[in-house]
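Just so it is clear, the structure is predicted and the values come from calculations on it, not from any experiment.
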Amino acid sequence: GYEKILGYFNALGGLALIVSALIGGVIGEQLSLRDTFFWSVPFALLSIYFFARFRDTTIQHESSDTRLITHTRQTFAAIFTNRNLIWILVSLFALNLISGLIGEMYQLWYLEINMPVVLYGIAGAVVLSTYGTGGVITQFFTTKRSIVNGMVGILAFSFVLIFSRHALVLIAAQFVVGFLSYTIFLSLTAQMHRLLPSHVR
């Protein structure tokens with residue numbers, strides 16, 4: 001149930017991103033982009049308080065009886081003796097880069113086509129919803145065929161991002177690329193955990 005639990009957990013975070021994008025679009029339309037940035041400062045400071053209050057579980061420390069260098073050596077040995085793990089890690093790096101590019105820099109496409117600022121919030125909500133919706137359906141991307149088809153979809157819609165200058169088309173393509181890359185990322189993360197020995201997981 002790794003994919004299902006991790007997917008629903010990420011869906012909650014995706015919901016928060018949607019709400020924040022919509023609110024941010026409204027604030028950005030009413031104020032300048034500079035003032036909108038300053039509005040984020042008190043919330044960033046507030047998050048420090050919650051991080052300081054957070055207490056992590058301790059169960060993972062019970063088995064950490066090896067030194068970091070030894071553990072790192074064991075991890076690399078486990079990875080490089082399993083060809084499937086190597087390909088999974090390469091794919092994870094690529095998917096994380098794609099997902100990060102869409103999630104963090106999607107506004108650059110809108111700047112290029114001079115889209116109205118008020119639409120940034122709506123577009124941002126659509127694009128950032130990829131984390132939530134991708135998390136919910138991760139459990140259906142467990143076969144090699146579904147993962148390969150998803151990667152082909154990412155490649156196809158990436159060309160749309162390169163050549164289109166229509167706002168709705170760009171938003172839809174960003175959603176599909178972000179949705180598929182994040183969904184497959186979570187699925188491959190689950191497979192990586194299954195292939196790694198428990199003492200290095």
Distance check, rounded to the nearest 0.5 Å: [X] atom [atom1] versus [Y] atom [atom2]?
X    : Y    : atom1 : atom2 : result
I122 : I171 : CD1   : CD1   : 8.5 Å
R83  : I88  : CZ    : CD1   : 12.5 Å
L186 : I137 : CG    : CD1   : 10.0 Å
L85  : M192 : CG    : CE    : 8.0 Å
K144 : N84  : NZ    : CG    : 7.0 Å
I147 : T142 : CD1   : OG1   : 7.5 Å

Taking side chain as C-beta onward, heavy atoms only, is [X] less than 4.5 Å from [Y]?
X    : Y    : value
R165 : E112 : yes
S91  : M151 : yes
S181 : I102 : no
L45  : V41  : yes
I23  : S20  : no
V176 : I154 : no

Which heavy atom of [X] sits nearest a heavy atom of [Y], and at what distance?
X    : Y    : result
L196 : A78  : CD2-CB, 4.2 Å
L161 : A173 : CD2-CB, 3.7 Å
T81  : A77  : OG1-O, 2.8 Å
T130 : F175 : CG2-O, 3.2 Å

Legend entry - For L155, the rest of its hydrophobic cluster, which grows through side-chain links under 4.5 angstrom: F159, I162, F163
Applying the 4.5 Å side-chain criterion to the ILVMFWY set and letting contacts propagate, would [X] and [Y] be lumped into a single cluster?
X    : Y    : value
L89  : L188 : yes
L111 : I113 : yes
V127 : I27  : no
F51  : L12  : no
L195 : I86  : yes

Where the side chain of [X] meets the backbone of [Y], is there a donor-acceptor pair that is under 3.5 Å apart?
X    : Y    : value
S146 : T143 : yes
W109 : L170 : no
S187 : F141 : yes
S99  : L95  : no
T189 : F185 : yes
Q174 : Y106 : yes

Inset, instruction - Step through the shown structure and confirm whether more than 12 heavy atoms of other residues, nucleotides or ligands are within 6.0 Å of CD1 on I69. - result: no
Legend entry - Residues L22, I18; criterion side chain to side chain contact (heavy atoms under 4.5 Å, CB included); working and verdict: CA-CA 6 Å; L22 291 172; I18 293 170; 4.3 Å; yes
